[in-house]
Amino acid sequence: MKVYNTLTREKEEFVPLREGEVRMYVCGPTVYDYTHLGHARTYVAFDVIRRYLEHKGYSVLMVMNFTDIDDKIIRRANETGEDPKKLADKFMHYFLEDMAALKVKPADIYPRVTEHIQEIISFVEKLEEKGYAYEGSDGVYFEVKKFKDYGKLGKINLEELTAGARVEPGEGKKNPEDFALWKKAKPGEPKWESPWGEGRPGWHIECSTMSTKYLGEQFDIHGGGNDLIFPHHENEIAQTEACTGKIPWVKYWLHTGFVMVRGEKMSKSLGNFVTIRELLDRYSPEVLRFFVLQRHYRSPLDYTEEGIQHAKNNLERLYNTIENIRIALKNAKTPFKWGEEEFELYETIRKAKRKFYEAMDDDFNTAEAMKPIFEVSNAVNAYLTKVEKPKESVLRKALEFFKMVGEVFGLFEDYFKEDKGESKEEELIELLIQVRAELRKQKNFALADEIRAKLRELGIQLEDTPKGTIWKKVTV
Ligand SMILES: Nc1ncnc2c1ncn2[C@@H]1O[C@H](COP(=O)(O)OP(=O)(O)OP(=O)(O)O)[C@@H](O)[C@H]1O
Ligand SMILES: [Zn+2]
């Protein structure tokens with residue numbers, strides 16, 4: 001499997017640091033507004049990367065941070081008159097809801113800056129001890145010149161970068177390229193105690209601190225949108241490699257292309273964004289995933305209504321095929337023998353599977369991986385039109401293929417959900433628990449006990465705990 005590494009600007013063979021395990025960190029959102037399609041593209045892309053790695057048998061440990069204190073949050077909170085913490089909490093909550101709606105698998109750990117202040121302070125202290133950081137009048141800065149490898153990710157030449165640049169009046173840094181590790185508090189801002197007085201962390205330091213805390217001093221994948229390559233990820237590298245001396249800190253750097261609107265990046269600041277919530281009023285989550293996955297994750301993706309409509313039509317075609325298979329399976333024949341048509345369809349599925357893996361192994365090329373899905377879809381429909389008595393076994397092969405690609409792309413979930421019956425069952429049990437609680441309130445203990453006894457006969461045991469009634473499946 002090959003992945004494109006921004007650090008080397010090349011596709012490289014993917015070999016994780018520990019066999020069978022992938023540790024990945026994706027920069028999470030700054031939570032001060034609703035999630036838009038641009039963010040969703042990035043997170044859906046990393047979701048599919050993670051799903052594919054898991055599909056290949058890797059055990060993936062994924063960490064995504066929440067920037068829950070930062071200039072933008074403070075500014076927005078001042079505008080709306082809200083408490084910055086409440087504002088961040090609210091949008092963090094909305095973000096998690098949006099991701100769940102989009103069927104993005106949750107990260108294993110979501111560290112928040114405000115809960116890691118002590119660790120961040122210790123990290124900055126280490127940089128100070130090692131001579132990479134200094135205290136200025138308004139904060140603690142990283143001295144970029146001291147880190148010889150600076151610019152290696154963004155391919156930045158420090159001299160060119162700083163030509164003509166100067167330290168702005170009022171800024172406490174020595175050189176224009178130095179960046180803040182710790183910002184001393186201005187009046188009215190949220191603040192924490194530190195060896196440099198009250199203040200709060202700079203932006204980049206959180207990711208160095210929290211990623212190494214949870215994933216170790218060296219790990220496999222670090223990702224985010226293109227705009228994070230410089231300066232955010234460049235600065236993260238400088239901080240972490242200066243602190244630990246372990247090089248390279250991250251083995252593969254992956255970056256997503258932007259969602260564009262009429263030639264410009266979709267962004268909060270330009271106001272040209274469409275939120276996931278608005279889109280979900282009009283389209284199913286799978287349509288949005290499908291729209292995003294029709295392009296390779298590194299390519300720009302133009303947002304247009306027609307584009308999404310087109311994705312919707314294509315996805316519907318696939319769903320129709322799956323439904324055709326389901327209906328055909330009802331009357332399908334026991335396969336005493338296969339004819340030419342079955343072999344032909346089987347061959348198409350076999351080759352499609354290979355093409356799908358080849359495309360995904362080539363830097364997670366979901367755009368290419370879509371093609372064999374449609375090939376199978378077309379072949380199935382042609383088979384069903386041509387053949388009077390379709391054979392069950394070959395149709396099952398087609399269904400398995402759709403299920404496999406669906407797991408990787410996060411599509412057809414409802415269709416293939418194995419516990420389809422089970423989720424209804426859970427809801428029914430919950431309903432009976434509520435009814436029983438109501439009966440007990442009304443002192444109808446006889447009926448309440450009968451419900452409990454009947455459920456027990458069905459293998460469901462209710463237990464009344466101080467936190468309410470819970471249920472367990474019992475076999476004896
Ligand atoms: N238009 C976009 N297309 C793809 N990814 C994006 C887009 N806008 C932001 N991202 C990515 O989403 C993630 C979260 O970004 P963050 O919360 O910092 O947003 P932001 O940069 O403040 O958003 P905005 O650019 O809208 O102000 C980052 O990895 C960022 O690169
Ligand atoms: Zn980051």
Side-chain angles (χ1 to χ4, degrees), residues 6 24-47 49 62-76 87-88 91-92 94-96 98-99 102 104 107 110-113 116 120 123 153-154 179 181 201-215 219 221-240 249-250 253-276 279 288 291-293 295-303:
T6 310
M24 71 190 272
Y25 184 91
V26 177
C27 288
T30 306
V31 277
Y32 68 97
D33 209 335
Y34 291 102
T35 318
H36 60 60
L37 183 63
H39 307 131
R41 193 265 171 112
T42 289
Y43 296 120
V44 167
F46 281 106
D47 178 51
I49 289 173
M62 180 161 172
V63 176
M64 185 194 283
N65 65 306
F66 277 116
T67 305
D68 61 351
I69 183 68
D70 142 291
D71 291 343
K72 291 183 197 172
I73 296 173
I74 296 172
R75 201 178 313 130
R76 178 62 59 88
L87 180 95
F91 285 108
M92 190 181 71
Y94 290 155
F95 174 84
L96 289 170
D98 289 348
M99 290 300 115
L102 287 174
V104 170
Y110 286 107
R112 307 172 54 168
V113 181
H116 292 79
I120 291 173
F123 204 112
L153 183 71
F179 58 87
L181 298 166
W203 173 31
H204 318 294
I205 194 70
E206 67 181 76
C207 289
S208 294
T209 307
M210 300 194 293
S211 64
T212 51
K213 168 165 180 180
Y214 294 107
L215 297 175
F219 56 89
I221 295 179
H222 192 134
N226 258 334
D227 54 341
L228 300 188
I229 298 175
F230 192 87
H232 183 53
H233 288 161
E234 192 72 55
N235 292 354
E236 283 188 32
I237 292 179
Q239 295 165 154
T240 320
W249 165 43
V250 169
W253 285 91
L254 272 58
H255 292 98
T256 52
F258 293 143
V259 170
M260 307 289 289
V261 186
R262 282 180 228 97
E264 282 182 309
K265 177 193 168 200
M266 178 177 285
S267 82
K268 287 174 250 183
S269 34
L270 289 172
N272 60 354
F273 63 90
V274 54
T275 66
I276 293 306
L279 286 170
L288 301 184
F291 172 67
V292 162
L293 298 174
R295 295 282 290 171
H296 183 260
Y297 74 89
R298 282 191 286 119
S299 308
L301 170 67
D302 282 317
Y303 162 66

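Note that ligands are numbered from 1 as they come in the structure, with each ligand's atoms numbered from 1 the same way.
- Between H233 and G223 the shortest heavy-atom distance is CE1-O, 3.8 Å.
- Of all protein heavy atoms, the one closest to atom 6 (C) of ligand 1 is G38 O, 3.5 Å.
- Backbone and side-chain nitrogen or oxygen atoms of G28 are examined, and none is located within less than 3.5 angstrom of a nitrogen or oxygen of ligand 1.
- Summarising the geometry, atom CZ belonging to F46 is positioned 8.0 Å from atom CD1 belonging to I221; distances are rounded to the nearest 0.5 Å.
- Scanning all heavy atoms of the two residues, the minimum distance from T35 to M99 falls at CG2-CE, 3.9 Å.
- Between H222 and W249, the ring planes lie perpendicular to each other; the angle is over 60°, past the 30° to 60° tilted range.
- Judged purely by atom type and a 3.5 angstrom limit, R41 uses its side chain to pair as donor or acceptor with the backbone of G257.
- Contacts between H36 and ligand 1 below 4.0 angstrom, taking non-hydrogen atoms only, involve the side chain exclusively.
- Minimum interatomic distance between M62 and V26 (heavy atoms only, all atoms of both residues): CE-CG2, 3.8 Å.
- Contact annotation: for R41 versus ligand 1, there are no heavy atoms closer than 4.0 Å.
- For the residue pair Y214 and H116, a side-chain donor N or O sits within less than 3.5 Å of a side-chain acceptor on the partner.
- For atom 25 (O) of ligand 1, the candidate residues are E264, K268, M64, K265; the nearest heavy-atom contact is made by K265.
- Of the protein's heavy atoms, T30 OG1, 3.7 Å lies nearest to atom 18 (O) of ligand 1.
- Applying side-chain hydrogen bond (donor to acceptor under 3.5 Å, both in side chains) to D33 and the options R76, K268, H39, K72 leaves one that passes, R76.
- Within E236, the N/O/S atom positioned nearest the Zn ion (ligand 2) carries the name OE2.
- Among all protein heavy atoms, the one lying closest to atom 9 (C) of ligand 1 is H39 CD2, 3.5 Å.
- Distances below 4.0 Å separate heavy atoms of G257 from the following atoms of ligand 1: 4 (C).
- Among F95, F273, Y94, the one residue that satisfies the ring pair (Phe, Tyr, Trp, His ring centres under 6.0 Å) test with Y34 is Y94.
- Taking CG of L254 as the start and OG1 of T42 as the end, the distance is 11.5 Å to the nearest 0.5 Å.
- Geometry at the Zn ion (ligand 2): SG/C27 and SG/C207 form an angle of 130°, nearest 10 degrees.
- The shortest contact between atom 13 (C) of ligand 1 and any protein heavy atom is with Y43 OH, 3.3 Å.
- Not one N, O or S atom of H233 sits under 2.8 Å from the Zn ion (ligand 2).
- Scanning the protein heavy atoms around atom 1 (N) of ligand 1, the nearest turns out to be M266 O, 2.8 Å.
- Interface of K72 with ligand 1, defined as ligand atoms under 4.0 Å from a residue heavy atom, comprises 22 (O).
- Residues E264 and N272 bring no donor and acceptor atom of their side chains to less than 3.5 Å of each other.
- Assignment of M260 to the shell around ligand 1 is not supported, since no heavy atom sits closer than 4.0 Å.
- Within the listing of ligand 1, atoms 28 (C), 29 (O), 31 (O) sit less than 4.0 angstrom from a heavy atom of L228.
- Nearest protein heavy-atom contact of atom 29 (O) of ligand 1 is G225 N, 3.0 Å.
- Inclusion of E206 in the first shell of the Zn ion (ligand 2) is not supported: no N, O or S atom falls under 2.8 Å.
- By the criterion of a heavy-atom distance under 4.0 Å, the side chain of T42, and not its backbone, is placed next to ligand 1.
- For the residue pair I229 and G154, the shortest heavy atom distance occurs at CG2-CA, 3.9 Å.
- Any N or O atom pair closer than 3.5 Å counts here, and F258 shares no such pair with ligand 1.
- Aromatic ring pairs are classed by plane angle as parallel below 30°, tilted from 30° to 60° and perpendicular above 60°; the pair H255 and W253 is parallel.
- Which parts of ligand 1 touch V259 is read off a 4.0 Å heavy-atom cut-off, strictly below it: atoms 1 (N), 2 (C), 3 (N), 4 (C).
- With respect to atom 30 (C) of ligand 1, the closest heavy atom belonging to the protein is D227 OD1, 3.6 Å.
- Using a non-hydrogen distance threshold of 4.0 Å, G223 does not register as a contact of ligand 1.
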